[in-house]
Number of protein chains: 2
Amino acid sequence: MTALGIREVSEHTGLSIDTLRWYEREGLIPLVERTSTGQRRYPPAAVRFIALVQALRRTGMPVAEVRHFVQLGGGRLENHPVRLALLEAQRESIERQVDQLHEDLAVLTGKMAEYRRLIDAGLDCEDEVAAPEGGTGRHLRSTA
Amino acid sequence: MTALGIREVSEHTGLSIDTLRWYEREGLIPLVERTSTGQRRYPPAAVRFIALVQALRRTGMPVAEVRHFVQLGGGRLENHPVRLALLEAQRESIERQVDQLHEDLAVLTGKMAEYRRLIDAGLDCEDEVAAPEGGTGRHLRSTA
DNA sequence: GGTTGCGCTGGAGTGGACTCCAGCGCGGAG
DNA sequence: CTCCGCGCTGGAGTCCACTCCAGCGCAACC
């Protein structure tokens, strides 16, 4: 009844229609039904599942691993601990990614501060004065 | 004097030797010098630059865009504002990524809580009881 | 003074994740 | 009835970022 067509799901999730079909072929999206004429229908459970798949993909889980997760059967009890463990592993991966992002952010902000300082002082860069085809070392000693 | 060989840089940065060479060909790594026999030497400035390139790549900047950044000349003053702007854009991108990661994390922890609840209750999944080739709906009504 | 090992180059190959297409069927609008 | 738009399928194509050679040179170690 509340099941959606592929276009609606595409708009709702931001995944392209082709990607939705491809994911399904690849075994990442179960629970998709068909009309009598063969068109896809996505019941709410499928739509919810897609949100999970998107979270896994966006956080860097490869398609093959998502498939593995999905193949852990139709929500049967004995597989829950396994799925839980996979999600836990991914959760840890996400936390590492956040840490890494913060480190990289620090690198960028550091570099940005350097550029601002140089702009203020009216200097070229300390590093990389790599033969700009005109004349070298026109920059002065740093003020600090 | 303190310049490093490619192997050392590879070990120091975690980038493979092939990747270092490829990055250089692609114009992502300037400042690399050569010995009289043609071997690469990485002075400290090059090594520092590589760290920046890594931060950009890891945070999702495409190789082409890093190249663009690098091509903004050998640290000459007039390019500093442009580089600064590019870094600022990337900084914002990183912040969006962190936000997205947190959203995805919430999806995962929510799903994990659900599995834990089901395990405790000894139930199959509410969703996705997709024809596990034996018999449907052996799960009971939820206790909550 | 050979052979082992690292480095170099240019180019080909790979893996992952889509993305596009031809060719067909269905169902509603005119 | 005919045409348009959407959806379907299987398969081919694309893009990106590496990764892997083959074939060569230098240098050092035994």
Side-chain angles (χ1 to χ4, degrees), chain A residues 3-43 46-47 50-71 90 93 97 100 104, chain B residues 3-43 46-47 50-71 90 93 97 100 104:
Chain A
L4 304 178
I6 196 166
R7 176 160 304 269
E8 292 162 302
V9 175
S10 168
E11 278 156 12
H12 176 52
T13 60
L15 295 173
S16 79
I17 290 178
D18 268 323
T19 298
L20 283 169
R21 288 199 277 243
W22 184 73
Y23 274 11
E24 191 182 334
R25 270 191 241 175
E26 292 294 310
L28 308 205
I29 309 181
L31 308 171
V32 182
E33 293 166 7
R34 301 295 180 117
T35 66
S36 57
T37 63
Q39 297 189 202
R40 272 165 258 255
R41 283 328 350 251
Y42 295 81
V47 175
I50 290 171
L52 176 59
V53 168
Q54 284 188 285
L56 294 175
R57 285 291 303 120
R58 272 196 303 253
T59 58
M61 183 181 285
V63 165
E65 208 176 323
V66 178
R67 176 171 35 236
H68 176 212
F69 176 83
V70 173
Q71 281 172 349
Q90 190 64 8
S93 159
Q97 290 177 55
Q100 180 70 71
D104 293 334
Chain B
L4 304 178
I6 196 166
R7 176 161 303 271
E8 292 163 303
V9 175
S10 169
E11 277 156 13
H12 176 50
T13 60
L15 295 173
S16 80
I17 290 178
D18 268 323
T19 298
L20 284 168
R21 287 198 278 242
W22 184 73
Y23 274 10
E24 191 182 336
R25 270 191 243 176
E26 291 294 310
L28 308 206
I29 309 181
L31 308 172
V32 182
E33 294 165 6
R34 300 296 180 116
T35 66
S36 57
T37 62
Q39 298 190 201
R40 271 165 258 253
R41 240 67 256 288
Y42 295 81
V47 174
I50 290 171
L52 176 59
V53 168
Q54 283 188 287
L56 294 175
R57 285 289 305 118
R58 270 195 303 252
T59 59
M61 183 181 285
V63 165
E65 207 176 323
V66 178
R67 175 171 37 237
H68 176 213
F69 177 84
V70 174
Q71 281 172 347
Q90 189 64 8
S93 159
Q97 289 177 55
Q100 179 71 71
D104 292 334

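Basis for what follows: all heavy atoms, side chains included, without hydrogens, waters or symmetry-related copies. In what follows, every chain begins at residue 1, and chains take the letters A, B, ... in the order their sequences are listed.
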Heavy-atom contacts, protein to nucleotides 21-29 of chain D, under 4.0 Å, summarised as B (base), S (sugar-phosphate only) or - (none) per nt, yield -----SS--
A:Leu20 CG to C:dA17 P, straight-line distance once rounded to whole Å = 16 Å
Under 4.0 Å between a side-chain N or O of B:Tyr23 and OP1 or OP2 of D:dC18?
-> yes
Going by number, which of residues 52-63 of chain A have a non-hydrogen atom under 4.0 Å from DNA chain C?
-> A:Arg57, A:Pro62, A:Val63
Would you say A:Arg7 reaches D:dC6's phosphate, i.e. side-chain N/O to OP1/OP2 under 4.0 Å?
-> no
Please tell me which of A:Ile6 and B:Ser16 maps to the more 5' nucleotide of DNA chain D, matching each residue to the nucleotide holding its nearest heavy atom.
-> A:Ile6
What is the distance from atom CE of A:Met61 to atom CG of B:Asp104, rounded to the nearest 0.5 Å?
-> 11.5 Å
Side chains of B:Arg40 and B:Arg34: closer than 4.5 Å at any heavy-atom pair?
-> yes
CD of B:Glu24 versus P of D:dA17: gap in Å, rounded?
-> 18 Å
Verify whether one side chain among A:Gln90 and A:Thr59 offers a donor that lies under 3.5 Å from an acceptor in the other.
-> yes
Rounded to the nearest 0.5 Å, how far does CG of A:Leu20 lie from OH of A:Tyr42?
-> 4.5 Å
Spacing of CZ belonging to A:Arg25 relative to CG belonging to A:Leu28, to within rounding of 0.5 Å | 12.5 Å
Whole angstrom value for the distance that separates P of D:dG7 from CD of A:Glu33 = 18 Å
Starting at atom CD of A:Glu26, determine the distance to atom C1' of D:dG11, rounded to an integer number of angstrom.
-> 13 Å
Would you check, one step at a time, whether the test salt bridge (Lys or Arg N to Asp or Glu O under 4.0 Å) holds for B:Arg57 with B:Glu26?
-> CA-CA 13 Å; B:Arg57 285 289 305 118; B:Glu26 291 294 310; over 6 Å; no
Round to a whole Å and report the spacing from CD of A:Glu8 to C1' of D:dC6.
-> 13 Å
Interatomic spacing from CG in A:Leu52 to CD1 in A:Ile29 - rounded to 0.5 Å | 11.0 Å
Roughly how many Å is it from CD1 in B:Ile17 to P in C:dT9, rounded to a whole number?
-> 13 Å
Between B:Glu65 and B:Pro62, is there a donor-acceptor pair closer than 3.5 Å when you use the side chain of the first and the backbone of the second?
-> no
What is the distance from CD of B:Glu65 to C1' of D:dA17, rounded to the nearest Å?
-> 15 Å
A:Glu8 backbone acceptor or donor facing A:Glu11 side chain under 3.5 Å = no
Nucleotide of C:dT19, D:dT9, D:dT19 approaching A:Trp22 most closely (side-chain heavy atoms) = C:dT19
